[in-house]
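Please read the structure below before turning to the comments.
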Amino acid sequence: KRQGRFEIPKWADVVKTSKAKELPPSDPDWLYTRTASMVRKIYIRGGTGVGGFRKVYGGQFRRGTMTNVFCKSSGKIARYILQQLEEMGLVEQDENGGR
């Protein structure tokens, strides 16, 4: 955050993190928190791609009177963070897919 190498996009303050959410995150630094979490998950278990992160950060989709079902999170956020981390040189693409 202090280094200034990670760019915050214009849509970061209005975007929801999942279709199961009603509002965007209230923390102004939520993108930095998500980035740190993703870097840690890649360090612990490599080869994780955008689809894997969608599953990790997904949650319950509450459908009113119907039963709750699992819903994946936004793929754009995960894709953007991984692209920024690649530009910074912290992660690289795996030949088998994922990072």
Side-chain angles (χ1 to χ4, degrees):
K1 178 179 173 180
R2 287 186 223 111
Q3 293 174 346
R5 297 191 322 190
F6 190 86
E7 295 180 25
I8 298 293
K10 290 182 277 191
W11 47 260
D13 57 339
V14 294
V15 72
K16 298 192 308 179
T17 56
S18 171
K19 73 173 190 173
K21 301 287 185 185
E22 287 189 18
L23 296 171
S26 56
D27 181 19
D29 291 337
W30 71 270
L31 201 60
Y32 294 115
T33 308
R34 176 66 61 95
T35 303
S37 172
M38 287 177 67
V39 169
R40 182 176 178 275
K41 287 184 187 302
I42 292 171
Y43 177 73
I44 292 171
R45 185 170 186 258
T48 311
V50 175
F53 282 117
R54 287 188 69 192
K55 201 178 297 180
V56 167
Y57 294 111
Q60 280 200 340
F61 187 35
R62 300 178 66 197
R63 306 185 298 165
T65 58
M66 295 181 284
T67 57
N68 298 347
V69 293
F70 181 79
C71 174
K72 291 182 180 178
S73 69
S74 170
K76 168 72 176 178
I77 296 170
R79 195 176 316 108
Y80 178 80
I81 289 174
L82 288 172
Q83 287 169 353
Q84 289 291 311
L85 292 173
E86 278 184 36
E87 287 180 16
M88 293 167 64
L90 291 176
V91 297
E92 56 190 27
Q93 292 224 0
D94 193 10
E95 62 272 358
N96 299 327
R99 265 50 176 210

Beyond-backbone contact of V15 with W30, side-chain heavy atoms, under 4.5 angstrom: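 The answer is yes; the side chains approach within 4.5 Å.
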
Rounded to the nearest 0.5 Å, how far apart are [atom1] of [X] and [atom2] of [Y]?
| X | Y | atom1 | atom2 | value |
| --- | --- | --- | --- | --- |
| R34 | S73 | CZ | OG | 5.5 Å |
| L90 | I42 | CG | CD1 | 9.0 Å |
| C71 | Q60 | SG | CD | 11.0 Å |
| R54 | K76 | CZ | NZ | 13.5 Å |

Geometric class of the F6/Y80 ring pair [parallel <30°, tilted 30-60°, perpendicular >60°]: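 Ring orientation of Y80 relative to F6: perpendicular.
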
Worked verdict on I77 versus Y57 for side chain to side chain contact (heavy atoms under 4.5 Å, CB included): CA-CA 11 Å; I77 296 170; Y57 294 111; over 6 Å; no

K19 to F61, cation-pi by 6.0 Å centre distance and 45° axis angle: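 The answer is yes; both the distance and angle limits are met.
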
Whether over 12 other heavy atoms sit under 6.0 Å from Y43 OH: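 At most 12 heavy atoms, drawn from other residues, nucleotides or ligands, come within 6.0 Å of this atom.
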
From CA spacing to verdict: side chain to side chain contact (heavy atoms under 4.5 Å, CB included), F53, I81: CA-CA 11 Å; F53 282 117; I81 289 174; over 6 Å; no

Closer than 3.5 angstrom, by distance alone: can the side chain of [X] be matched with the main-chain N or O of [Y] as a donor-acceptor pair?
| X | Y | answer |
| --- | --- | --- |
| R63 | T67 | yes |
| K16 | K21 | yes |
| T35 | L31 | yes |

V50 versus G75, closest heavy-atom pair with distance: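 That would be CG1-O, 3.7 Å.
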
Side chain to side chain contact (heavy atoms under 4.5 Å, CB included) evaluation trace for V56 with K41: CA-CA 10 Å; V56 167; K41 287 184 187 302; 3.5 Å; yes

